[in-house]
Amino acid sequence: MSVTTDEGFRLSCTVSGSGGRLLIGLHGGPGGDGGGYLDPLHRLAGADRTVVTFDQLGTGKSDVPGPEYEWTVRGAAADVEAVRRHFAAELGDRLAGTEILGHSWGGMLALQYVLDRPSRADRLVLSNTAASTARITIGFLDQLRATLSASETAAAITADMLGDHDSPAYRSAVTRWLARFATEGDMDAAELATAEALSPGPAGRGLWGYRLWFADGALRDWDVEARLAEIAVPTLVVHGGRDMSDASTNRVMAEGIPGAEWLTLNHNGHTIFEAANADCYLALIRAFLDGWPLSAEEESGEQE
């Protein structure tokens, strides 16, 4: 099925479950093939929860704007609101709250959405993401230095800055980096990820830009770290121990959002939905969305 945005574009959506709690999953990128890899999230659907994932504008089966379209983060957040509004209306009086899960770029989008519309979400999951483009780039460069020799690192960064993305040495560097920090050492998966990362489509070009490790699109100066304290909903920050979204990046979010929980899956990379322990990840997400088991102190406090 599809939802029409305020700008008149059609977004392709996948829906499961029939419950009053509405969980919206936001895929990474920006750009790429869309939200199909979030399909495991639909395992959380049931009689208590409706799960919606969708291909963001310019990806997957959703509409692709013309070349004159102005890509903005706030525009992407407005599309999330169009999806929420549509399914909230379908649920009507049965709506029992909205949960937002954003993975990678989707987590950045989730942050922008919650900050722009603080009354819309009741729970927030920030998965393998960041609150600042600058911090992402610094993390990428540190990871390159940890993966490649000094000369290889310098050559790869130079190639990226010059847009020399067809260089075999550059593509090899990207694949080695992704294998270490995204695909848990799976070189075949890393090669596929390299192809997608270097061909992100119009959404990726408009939002991130024409470089891989440096944003020169709409996200170039995006930074909401100073606003994290405004987030007043229960929040889970989760990432992998071998993730391009590193510990220092996640610490900023966990310490900046009041009361946020922070979990690290030590042996996971960035592509957590495709990992061997994806069921464990989903169980943790379900437990958080369901409110976690209360501690003895919390139970005592509620009884009083």
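It should be emphasised that the depicted structure is a prediction, and the values quoted were computed from it without experimental measurement.
For the atom pair CG (Leu22) and CG (Leu95), the distance works out to 6.5 Å, reported to the nearest 0.5 Å. Between atom CG of residue Asp164 and atom OH of residue Tyr170 there is a gap of 9.0 Å, rounded to the nearest 0.5 Å. The distance from atom CG of Leu282 to atom NE2 of His42, rounded to the nearest 0.5 Å, is 11.0 Å. To the nearest 0.5 angstrom, Leu162 atom CG is 12.0 Å from Ile157 atom CD1. With rounding to the nearest 0.5 Å, the separation of OG1 in Thr50 from CG in Leu44 is 12.0 Å. Interatomic distance, CG of Leu228 versus CG of Leu111, reported as 6.5 Å (0.5 Å rounding).
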Checklist line | Trace of the side chain to side chain contact (heavy atoms under 4.5 Å, CB included) decision for Asp166 with Arg171 | finding: CA-CA 7 Å; Asp166 292 327; Arg171 297 182 77 92; 4.2 Å; yes

Exercise for the section: Test Trp262 against Ile257 for side chain to side chain contact (heavy atoms under 4.5 Å, CB included), laying out the working first. Expected result: CA-CA 11 Å; Trp262 179 17; Ile257 299 173; over 6 Å; no

**Request:** Report the C-alpha distance between Asp160 and Phe140 in whole Å, list the side-chain angles of each, state the deciding distance to 0.1 Å, and finish with yes or no for side chain to side chain contact (heavy atoms under 4.5 Å, CB included).
**Result:** CA-CA 12 Å; Asp160 195 35; Phe140 286 173; over 6 Å; no

| said: For a side-chain hydrogen bond (donor to acceptor under 3.5 Å, both in side chains) check, start with the C-alpha distance between Gln56 and Thr59, then their side-chain angles and the critical distance, and finish with the verdict. | reply: CA-CA 6 Å; Gln56 294 165 29; Thr59 75; over 6 Å; no

Exercise for the section: I would like to know whether Met253 and Thr235 meet side chain to side chain contact (heavy atoms under 4.5 Å, CB included); could you show each step before the answer? Expected result: CA-CA 10 Å; Met253 294 183 290; Thr235 301; over 6 Å; no

*asked:* Using ring-ring contact (aromatic ring centres under 6.0 Å, His included), reason through Tyr281 and Phe273 one step at a time and then give a plain yes or no.
replied: CA-CA 8 Å; Tyr281 168 80; Phe273 285 91; 5.2 Å; yes

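Taken together through direct or relayed side-chain contacts under 4.5 Å among Ile, Leu, Val, Met, Phe, Trp and Tyr, Leu109 and Val237 form part of one hydrophobic cluster. The same ILVMFWY cluster, assembled from side-chain heavy atoms under 4.5 Å apart, contains both Leu57 and Met1. With hydrophobic clusters built from ILVMFWY side chains whose heavy atoms lie under 4.5 angstrom apart, Leu41 does not share a cluster with Trp105. Note on Trp292: it clusters hydrophobically with Leu23, by side-chain heavy-atom contacts below 4.5 Å among ILVMFWY residues. Linking Ile, Leu, Val, Met, Phe, Trp and Tyr residues whenever their side-chain heavy atoms come within less than 4.5 Å leaves Leu26 and Ile285 in two separate clusters.
You'll find the side chain of His267 stays beyond 4.5 Å of the side chain of Glu184, heavy atoms only. Between Leu236 and Leu101 the shortest side-chain heavy-atom distance does not fall below 4.5 Å. Within the 4.5 Å cutoff, the side chain of Trp177 has no heavy atoms near those of the Leu148 side chain. Side-chain contact check for Asp142 versus Ser248: every heavy-atom pair is 4.5 Å or farther apart. Val73 has its side chain out of reach of Met108: every pair of non-hydrogen atoms, C-beta onward, lies at least 4.5 Å apart. Here the side chains of Glu81 and Asp116 are not in contact, with every heavy-atom distance at 4.5 Å or above. Looking at heavy atoms from C-beta onward, Val252 lies out of side-chain contact with Ser132 at the 4.5 angstrom threshold. Put simply, the side chain of Glu90 does not reach to within 4.5 Å of the side chain of Val15, judged on heavy atoms.
Remark: the backbone N or O of Arg180 is not paired with any side-chain donor or acceptor of Arg242 at under 3.5 angstrom. Although no hydrogens or angles enter the test, the distance criterion places no donor-acceptor pair under 3.5 Å between the side chain of Arg84 and the main chain of Ala121. Looking at Asp246, its side chain never comes within 3.5 Å of a backbone N or O of Gly139 through a donor-acceptor pair. Under a 3.5 Å cut-off, the side chain of Arg94 and the backbone N or O of Ser18 do form a donor-acceptor pair.
No side-chain donor from either of Asp243 and Ser245 sits under 3.5 Å from a side-chain acceptor of the other. Thr53 and His27 share no side-chain donor-acceptor pair at under 3.5 Å. With no hydrogens or angles considered, no side-chain donor-acceptor pair links Ser127 and His239 at under 3.5 Å.
In terms of heavy-atom proximity, Tyr113 sits nearest to Ala77 at CD1-O, 3.5 Å. Closest approach of Lys61 and Asp55 over heavy atoms only: N-OD2, 2.9 Å. The two residues Cys13 and Val3 make their nearest non-hydrogen contact at SG-CG2, 3.7 Å. For the pair Thr183 and Ala179, the tightest heavy-atom approach, listed with the atom from each and the gap, is OG1-CA, 3.3 Å. Taking all atoms of both residues into account, the shortest heavy-atom contact from Ser16 to Ala45 is OG-CB, 3.2 Å. The two atoms that bring Asn250 and Val238 nearest to each other are OD1-O, 4.1 Å, heavy atoms only.
A cation-pi arrangement is found for Arg123 relative to Phe288, the charged atom lying closer than 6.0 Å to the ring centre and inside a 45° cone about the ring normal.
Between Tyr69 and Phe9, the distance separating the two ring centers is shorter than 6.0 angstrom. Annotation: Phe181 is not in aromatic contact with His270 [ring centroid separation under 6.0 Å not met].
Sequence neighbours left out, not one pair with a member in residues 210-222 passes salt bridge (Lys or Arg N to Asp or Glu O under 4.0 Å).
Test Asp122, Asp290, Thr98 against Arg21 for side chain to side chain donor-acceptor pair (under 3.5 Å) and you get one pass: Asp290.
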Could you list the donor-acceptor pairs under 3.5 angstrom formed by side chains in residues 187-197, with sequence neighbours left out?
from   : atom 1 : to     : atom 2 : distance (Å)
Thr194 : OG1    : Thr175 : OG1    : 2.8
Thr194 : OG1    : Ala190 : O      : 2.8
Glu196 : OE2    : Asp33  : N      : 3.2

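Heavy atoms from other residues, nucleotides or ligands lying under 6.0 Å from CZ of Arg145 number 12 at most.
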